[in-house]
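For clarity, every value in this text was computed on a predicted model and none was experimentally measured.
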Amino acid sequence: MCGIAGYWRALGDAGSREGLAVALHQMRMRGPDDRASEVHATPWGEVGLGHTRLSIIDLSANGRQPMASPDGRHSLVFNGEIYNYRELREELRHVGATFRTESDSEVLLAAWARWGTEALPRLKGMFAFAMFDRQQGTLTCARDAFGIKPLYLAHERDGFWFASELSAVVTLRCQGAALALQRTYDYLVHGLYDTNEGSFVDGVSHLMPGMYRVLALSTGELSEPIAWWSPKLEETAHLSFTAAADRLRELFLESVKLHLRSDVPLGAALSGGIDSAAIVCAMRHLQPSATLDTFSFVAPGAPMSEEAWVQRVNNHVDARGHTVVVAPSELAHDLDDMIVAQGEPFGSTSIYAQYRVYKLAREHGVTVTLDGQGADELLAGYHGYPGQRVHSLLDQGLWSEAAGFLLKWSRWPGRTVERGVKGIIDEFASGPLHAAMHRLAGVRATPPWLDAGSLQERGVRIGYPRQPAEPTLPGRRLTSELAYAATRRGLPALLRHGDRNSMRFSVESRVPFLTTDMANFVFSLPEHYLISDLGETKSVFRAAMRGIVPDAVLDRRDKIGFATPEFEWLSSLSGSTREWIGDAARVDFLKSARMLLEFDRILAGQTRSSWQTWRWINFCRWHTRVFEPMNHPQAGVSRRP
């Protein structure tokens, strides 16, 4: 796990090389073990490549990057892990490749030399990398199927810049930063972020999951994103439920086995839910005598506490459980550091619980954790997507089955028929009906604390954005939604949170649910294997884990995760919260006085609490601590060492 950065300039200059050094310094927590860069003069301009290293595989200096192929044709900077690197190395040796290191980076170089972009589907892992080809005069940037590892890009006719973090790209570009107003509006009003290639800085984009782009140095042209993997939606696995569960169990255990490859200490993040419990129990199943450390956030005495479930799993696998309990004052102390680490605004204070879990892991000497991220999006978790499942049944003319499913679905905790009906209406709603539903839910497209007119004058689309799954397949509406959530809307944001929080403490977070093998298989199953006719989410996975995970955990009907008592925290910090919201006065389209008035109404119980308060705080502090320093290079983005 590392940080990467680089550039191409048609006319090389000392400023670009200095910018690369500063960018690598900004990302030092991503790679505290080593830092290196190199500059290549070409007939088409200058190419700079930089790398900060967190040593996980082959801890020797042999794994240093940038790394060149034996013939000198290719140079690589790579962030991530290729878990099947040993198998690929053997395959490549049989066709004449030679290796001098034990690193997965060298395997990636050899695979690229042999297969080019056709190597991408062979990689089982998480990655973002840039490959410079001297012979072809190209620079190729690629990202893993789910976007587990980040990659930001900026491009102009005479320049191209990339890095693992947004601020590093801005530093490399040496042009300061302008706020991406559409992204800002969508976040502040609707809570949307990381839903497309746009970042919070104008002109800087994410390379989307499962994509690569190629820069031709001779012309300065950057290709459109090219998909090397995308989910298939058709039902093609004609297996019984039992056979499907058996196959899923094999795939999951194989994935966890590969994710356990490490030359440094491993642990697991444990929330107490099915997903993280399955990973911890699979680790014990695969390594019966290994020392097993888990790291958890608990909120003692709160209705949302997972403490009892965490303890149950730890006892079952004989793990050394480490827990962190957080006081509101600690959030106030760490807020700026967490916001800087995230790099862009995010959704709720639950991210702080995760931040503290990774800090706890590092304090106990663990450099790699396995985490349960992605299971909900692959296996129809959360509340089971009733609108999409009913839509699939209606596509097939199964009206009575659809009604029966809704009634049975609604009997689970946290669900009601009314909520299910709303989900169904939202599935079919568009245009005025879609907007009306949001207004009924209390969401205003032009809230009184926002100068919407000013934003409209600057080209911002004001309204209620609708993001239906694309593509969508009749009779496979649930599968379509899951595939979209896993690659475009939902999971990318969660993966960003995990990457930035873990990297803040130089911890590598691994996510065994997120492999293309797993995704290809579960998306090929009948939809009622994922959410049963009785409304049970992750149905086939629960069956797959019988005998490995305690039945009491598999039979859980609730989901909490690393949840935080957000309203209680912000209420107890009302003085600090008012100060944070007051930063809105620095943004010309925000009305800080109105924000403070609405915050006081929430504290007084006159207005229902929502995530809106956090979005105000998060954006205003981000604007002050991250965005504004981007326009003052001498100050840099503040980060505690």
Side-chain angles (χ1 to χ4, degrees), residues 1-2 54-59 62-63 65 67 69 74 76-129 131 140 142-149 209-212 228-231 247-264 266 268 279 282-283 285-287 367-371 373-375 378 486 495 499 508-523:
M1 195 67 63
C2 309
L54 176 63
S55 302
I56 303 293
I57 301 293
D58 189 350
L59 308 186
N62 291 332
Q65 296 182 41
M67 183 178 287
S69 58
H74 297 101
L76 167 72
V77 284
F78 159 56
N79 171 28
E81 300 288 350
I82 308 301
Y83 301 117
N84 64 330
Y85 73 100
R86 295 176 185 170
E87 291 77 8
L88 288 173
R89 185 169 56 197
E90 289 306 306
E91 182 178 356
L92 288 161
R93 274 178 173 156
H94 281 101
V95 293
T98 59
F99 297 90
R100 61 180 182 82
T101 80
E102 296 298 317
S103 71
D104 55 345
S105 305
E106 189 179 23
V107 172
L108 175 55
L109 263 173
W112 193 268
R114 180 72 181 182
W115 300 306
T117 57
E118 295 301 313
L120 292 168
R122 297 171 178 260
L123 306 178
K124 296 182 181 181
M126 54 182 181
F127 54 83
F129 66 82
M131 187 76 70
T140 301
R143 199 171 178 204
D144 66 68
F146 300 96
I148 305 167
K149 292 292 99 188
M211 299 285 185
Y212 69 91
W228 65 264
W229 180 82
S230 59
R247 178 57 181 150
L248 183 55
R249 175 185 175 123
E250 293 173 1
L251 287 170
F252 180 68
L253 289 177
E254 176 62 24
S255 179
V256 173
K257 181 180 178 181
L258 287 176
H259 281 72
L260 289 173
R261 289 179 171 174
S262 172
D263 294 334
V264 296
L266 272 151
I279 288 174
M283 292 170 72
H285 178 79
L286 293 165
Q287 298 182 343
T367 310
V368 174
T369 62
L370 272 60
D371 304 290
Q373 205 66 267
L378 263 61
L495 292 172
D499 171 80
E508 175 173 288
S509 170
R510 298 180 175 180
V511 282
F513 281 100
L514 294 179
T515 69
T516 55
D517 288 343
M518 288 270 290
N520 290 337
F521 180 69
V522 298
F523 290 156

Partner set under side-chain contact (heavy atoms from CB on, under 4.5 Å) for Glu250, not counting sequence neighbours: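 Partners of Glu250 by the side-chain contact (heavy atoms from CB on, under 4.5 Å) criterion, ordered by chain and then number, come out as Arg247.
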Under the side-chain contact (heavy atoms from CB on, under 4.5 Å) rule, collect the residues that match up with His285, sequence neighbours excluded.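 So His285 forms a side-chain contact (heavy atoms from CB on, under 4.5 Å) with Arg249, Leu253, Ile548.
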With a 4.0 Å cut-off, would you call Glu87 and Arg89 a salt bridge?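 Here Glu87 does not pair with Arg89 in a salt bridge, since their nearest N and O are not under 4.0 Å apart.
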Does some side-chain heavy atom of [Y] sit less than 4.5 Å from a side-chain heavy atom of [X]?
X: Lys149; Y: Met126; answer: yes
X: Tyr83; Y: Arg510; answer: yes
X: Val368; Y: Val264; answer: yes
X: Leu88; Y: Leu123; answer: yes
X: Met67; Y: Leu109; answer: yes

Using salt bridge (charged side-chain N to carboxylate O under 4.0 Å, His left out) as the criterion, list what pairs up with Arg86, not counting sequence neighbours.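 Arg86 satisfies salt bridge (charged side-chain N to carboxylate O under 4.0 Å, His left out) with no other residue.
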Inter- and intrachain pairs under side-chain hydrogen bond (donor to acceptor under 3.5 Å, both in side chains), touching residues 106-118, at least two apart: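 Sorted result for residues 106-118: Thr101-Glu106.
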Between Trp229 and Phe146, does the ring centroid distance fall short of 6.0 Å?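 Centroid distance Trp229-Phe146: below 6.0 Å, so yes.
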Applying salt bridge (charged side-chain N to carboxylate O under 4.0 Å, His left out), which residue pairs with at least one partner in residues 513-523 are found, sequence neighbours left out?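 Passing the test, one end in residues 513-523: Lys124-Asp517.
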Ring pair (Phe, Tyr, Trp, His ring centres under 6.0 Å) involving Phe523 - partner list, sequence neighbours excluded: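 Listed in chain order: nothing, the list is empty.
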Between Gln65 and Ser105, is there a side-chain donor-acceptor contact under 3.5 Å, judged purely by atom types and distance?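 Indeed, the side chains of Ser105 and Gln65 share at least one donor-acceptor pair under 3.5 Å.
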